[in-house]
Amino acid sequence: MQTLIFATNNPHKVEEVRSVLKEHFTITSLKEAGIEKEIPEPYDSLEENAREKSTVIHALTGKNCFSEDTGLEVDALHGAPGVKSARYAGEDADSHKNIQKLLLDMQGITGREARFRTVISLILHQKEYLFEGICMGKIITVAKGEKGFGYDPVFVPDGAEKTFAEMDLQEKNKYSHRKKAIEKLIHFLTRHHGKDKN
Ligand code: IMP
C-alpha cells in the first residue's frame, strides 16, 4: 500500500483521516515519522496555511505528504473564527475557552448558520494539489456531548439533530467537512495510483 505522511500533530485528525483512508493508503503521522516540529500557521487563509504545512514537511522529508487546515466560519460573525479558529480566545486558548468566547459573541443572535471548511494540500511528486470539504450547520446555544474535539459540542450539522460531539466517528463522517475533503483526495490519488512510485 502507498504511504503518505499526514502533516499534523493532532491525534483526533489522524484518527479521523485514517478511518476514511485506511483501505487505500498507509497514513504516517508526524510523530510516527519522527518529526517533532510545531508547524506555524501564519497566513490569513486556510489554503495558505495548509500549503505551508505540507511544504515544510515535504522540504524536511522529500516524501509525498498532505496537510489540512480547518476553520469554523459563522455567518453572523462575518466568517469568524475562520482561519483563527484554534486561537479564537487568545494564543493560549483551548477548545473550552474558544467555545465560551464563541457562545458569548453569539449571545442574542438568532441567525446561527455556520460551516466547517477543510482545505487539504497534497504534495505528490513535487506538485501541489488542493481539495476542499464543507459541512453546513448551526451553532447551538449550550455545548452538548463529550466526543470529538474543538467546536464539536456546539455544532449541529444540517440534516442532524445532535452535535458532532454527540456522534461517534462513523456518524460524524456522514456529514464531516474533513471526510468530504478526504474523499476528493482519495478520488484524485486513486486516479494517479498507477503512475505513483512514491
Ligand atoms: P486547525 O485546522 O488545527 O488549525 O484547527 C482549527 C480549529 O478548529 C481548532 O480549534 C480545532 O479544534 C477546530 N477544529 C478543526 N476541525 C474540527 C472539527 O472537525 N470539529 C470541531 N472543531 C474542529
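Counting starts at 1 for both ligands and their atoms, in listed order.
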Applying ring pair (Phe, Tyr, Trp, His ring centres under 6.0 Å), name anything that partners Tyr88, two or more places apart in sequence or on another chain.
none
Polar pairs, ligand 1 vs protein, N/O only, below 3.5 Å.
| residue | atom | partner | partner atom | Å |
| --- | --- | --- | --- | --- |
| ligand 1 | 2 (O) | Lys13 | NZ | 2.6 |
| ligand 1 | 2 (O) | Asp69 | OD1 | 3.1 |
| ligand 1 | 2 (O) | Thr70 | N | 2.9 |
| ligand 1 | 2 (O) | Thr70 | O | 3.4 |
| ligand 1 | 3 (O) | Lys13 | NZ | 2.7 |
| ligand 1 | 4 (O) | Glu41 | OE1 | 3.2 |
| ligand 1 | 4 (O) | Glu41 | OE2 | 3.3 |
| ligand 1 | 4 (O) | Asp69 | OD1 | 3.0 |
| ligand 1 | 16 (N) | Arg178 | NH2 | 2.6 |
| ligand 1 | 19 (O) | Lys172 | NZ | 2.9 |
| ligand 1 | 19 (O) | His177 | NE2 | 2.9 |
| ligand 1 | 19 (O) | Arg178 | NH1 | 3.2 |
| ligand 1 | 20 (N) | Asp152 | OD1 | 2.6 |
| ligand 1 | 22 (N) | Tyr151 | N | 3.0 |

Could you tell me whether the side chain of Thr61 and the main chain of Ile57 form a donor-acceptor pair under 3.5 Å?
yes
Identify the residue among Leu30, Val56, Thr28, Asn9 that makes a side chain to side chain contact (heavy atoms under 4.5 Å, CB included) with Ile35.
Leu30
State which residues pass ring pair (Phe, Tyr, Trp, His ring centres under 6.0 Å) with Tyr151; sequence neighbours excluded, sorted by chain then number.
none
I'd like to check the ring pair (Phe, Tyr, Trp, His ring centres under 6.0 Å) partners of Tyr43; sequence neighbours left out, ordered by chain and number.
none
Picking from Lys180, Lys179, His177, what satisfies side chain to side chain contact (heavy atoms under 4.5 Å, CB included) with Thr118?
His177
